[in-house]
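Below is one structure, written out as structure tokens; the observations come after it.
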Amino acid sequence: MTASHAGWTDELARARLHFVTGKGGTGKTTLAAALGLALAREGRRVLLIEVEGRQGIAQLFDTEPLPYAEQRIAAVPGGGELRALHIDVEAALLEYFEMFYNLGFAGRTLRRMGAIEFATTLAPGLRDVLLTGKIKECVGRTESDGRHTYDAVVVDSPPTGRVVKFLDVTKALTDLAKTGPIRGQADGVVRLLHSGQTAVHLATLLEEMPVRETVEAVAELDGADLRPGAVLVNRVRPERLPARSITAAADGRVDASRVRTGLASAGLKLPEDTLDALVEETVEHAVRVAAEQRAREQLAEADLPTLELPDVTDGIDVAALYELAEALTDQGVRL
């Protein structure tokens with residue numbers, strides 16, 4: 001395979017539905033929010049959706065838990081706005097009953113009887129069909145003037161271990177319905193998810209396990225005829241040593257006397273124990289950088305556009321989300 005390339009491609013700029021997945025702990029919810037903010041620049045309207053019931057978006061933006069309703073969550077420079085939606089499976093099922101079967105009252109009765117939980121337990125694939133069906137509705141919705149309600153939709157998706165099953169609605173349907181409104185709606189979902197309008201981005205860290213899971217997920221997405229988008233490398237830390245020094249330092253070959261001389265020439269005279277600690281820290285840094293270089297080489301196997309996000313040392317708040325969004329914009333993220 002060729003090496004992965006940096007930047008957002010024209011093909012990705014044409015997509016309107018962006019899923020963000022990643023191994024747990026890679027910051028996929030944070031990156032989904034940052035991507036939503038980046039895409040909402042220049043007066044765009046973007047919807048950020050979560051499907052796992054964790055209320056992670058509300059926590060990120062320091063707001064009340066999201067209802068099953070689209071609401072504005074952030075303004076974006078240039079007149080854009082980011083809205084958010086927490087999809088509740090039960091509410092989505094009732095919406096289906098009302099939309100396709102005119103069973104609004106019966107649906108409420110079913111909820112009291114616990115039939116909705118029974119239905120989604122009996123046919124686990126139904127849950128994903130409901131979630132992706134609601135996502136499709138948001139992507140396709142238009143205003144009275146014919147313009148799409150949302151310029152883009154970003155989904156904080158299930159982690160990489162489950163994302164293909166979540167998106168492979170065709171397989172879920174074989175156990176659910178051969179005909180009827182749900183089947184017709186789901187066929188439309190399949191067309192959207194397998195089209196050029198959809199991209200699945202993968203959040204990762206420069207660490208062995210997340211990188212391996214990312215490469216495996218790309219192969220799995222390819223196998224299911226789903227389109228991988230970009231690799232979003234999170235928490236990238238600066239390299240403090242010249243490239244030529246990394247290998248030697250990672251092997252513990254740091255000349256303390258040269259360090260002492262260099263510090264002295266800069267007017268710094270450190271106690272011996274401080275110097276020893278500095279040498280030890282240099283070795284640790286070099287070991288980490290060498291491991292990250294190997295991780296980058298592994299990621300290159302995926303042959304995808306790669307964007308890097310800086311490590312935010314003070315924790316993630318709304319201001320940090322805007323900073324990450326700006327970093328994405330600087331790397332070409334656009335609609």
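Residue numbers count from 1 along this sequence.
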**Q.** side-chain contact (heavy atoms from CB on, under 4.5 Å) between Leu328 and Leu324, intermediate numbers included
**A.** CA-CA 6 Å; Leu328 289 171; Leu324 293 173; 5.7 Å; no

Q | Option passing side-chain contact (heavy atoms from CB on, under 4.5 Å) with Val233 (candidates Thr214, Leu31, Thr306, Val211) | A | Thr306

**Q.** CA sep, side-chain torsions, deciding dist, call: Lys23, Glu213, salt bridge (charged side-chain N to carboxylate O under 4.0 Å, His left out)
**A.** CA-CA 7 Å; Lys23 181 177 169 59; Glu213 196 160 312; 3.7 Å; yes

Checking [X] side chain against [Y] main chain: does a donor-acceptor pair fall under 3.5 Å?
| X | Y | value |
| --- | --- | --- |
| Asp151 | Arg44 | no |
| Thr21 | Thr160 | yes |
| Thr329 | Ala325 | yes |
| Arg16 | Val139 | yes |

Taking only residues two or more places apart in sequence, or in another chain, which ones meet [X] in a salt bridge (Lys or Arg N to Asp or Glu O under 4.0 Å)?
| X | answer |
| --- | --- |
| Glu308 | Arg296 |
| Glu143 | none |
| Glu137 | Lys134, Arg141 |

Q. When you look at CG of Asp311, are more than 12 heavy atoms from neighbouring residues, nucleotides or ligands closer to it than 6.0 Å?
A. yes

Q | Whether over 12 other heavy atoms sit under 6.0 Å from Asp314 CG | A | no

Q. Taking 4.0 angstrom as the limit, do Glu208 and Arg212 come out as a salt bridge?
A. yes

Q.
Between Glu70 and Arg83, does any NZ, NE, NH1 or NH2 come within less than 4.0 Å of an OD or OE carboxylate oxygen?
A. no

Could you tell me which residues satisfy side-chain contact (heavy atoms from CB on, under 4.5 Å) with [X], sequence neighbours excluded, listed by chain and number?
| X | result |
| --- | --- |
| Ala224 | Val164, Leu226 |
| Glu207 | Leu205, Pro210 |
| Arg227 | Glu11, Leu12, Ala15, Ala199 |

Q.
Distance check, rounded to the nearest 0.5 Å: Glu81 atom CD versus Arg72 atom CZ?
A. 5.0 Å

**Q.** Atom pair CG/CD of Leu60 and Glu50 - distance to nearest 0.5 Å
**A.** 9.0 Å

Closest approach of [X] to [Y] (non-hydrogen atoms, all atoms of both residues):
| X | Y | value |
| --- | --- | --- |
| Ala33 | Leu82 | O-CD2, 4.3 Å |
| Val312 | Ala320 | CG1-CB, 3.9 Å |
| Val51 | Pro158 | CG2-CD, 4.0 Å |
| Ala327 | Leu309 | CB-CD1, 4.0 Å |
| Gly7 | Pro305 | O-CB, 3.1 Å |

Would you say the side chain of [Y] lies within less than 4.5 Å of the side chain of [X], judging by non-hydrogen atoms?
| X | Y | answer |
| --- | --- | --- |
| Leu37 | Leu321 | yes |
| Ile73 | Ile57 | yes |
| Cys138 | Leu47 | yes |
| Leu192 | Gln197 | yes |
| Leu39 | Leu35 | yes |
| Val200 | Pro228 | no |
| Leu48 | Leu85 | no |
| Phe166 | Thr132 | yes |

Results of side chain to side chain donor-acceptor pair (under 3.5 Å) for [X] - residues two or more places apart only:
| X | answer |
| --- | --- |
| Asn234 | none |
| Ser195 | none |
| Thr29 | Arg54, Asp156 |
| Glu52 | Lys28, Arg162 |

Q: Please lay out, stage by stage, how Leu193 and Ile135 fare under the test side-chain contact (heavy atoms from CB on, under 4.5 Å).
A: CA-CA 10 Å; Leu193 296 186; Ile135 291 166; 5.9 Å; no

**Q.** Pairs meeting criterion ring-ring contact (aromatic ring centres under 6.0 Å, His included) with involvement of residues 14-69, two or more places apart
**A.** Trp8-His18, His18-His201

(Q) I'd like to know if Leu206 and Met209 are part of one continuous hydrophobic network [Ile/Leu/Val/Met/Phe/Trp/Tyr, side-chain heavy atoms within less than 4.5 Å]. (A) no

(Q) Determine whether Leu202 and Leu304 satisfy the following criterion, side-chain contact (heavy atoms from CB on, under 4.5 Å), listing intermediate values before the conclusion. (A) CA-CA 10 Å; Leu202 299 110; Leu304 293 175; 4.2 Å; yes

Q: Apply side-chain contact (heavy atoms from CB on, under 4.5 Å) to the pair Leu66 and Gln71, showing each step before the final yes or no.
A: CA-CA 8 Å; Leu66 296 173; Gln71 63 182 41; 3.5 Å; yes

Q) Can you pull the salt bridge (Lys or Arg N to Asp or Glu O under 4.0 Å) pairs that have at least one residue in residues 33-42, sequence neighbours excluded? A) none

Q. Salt bridge (charged side-chain N to carboxylate O under 4.0 Å, His left out) between Glu292 and Arg237: does it pass, once the steps are laid out?
A. CA-CA 10 Å; Glu292 290 176 350; Arg237 292 170 287 186; 3.5 Å; yes

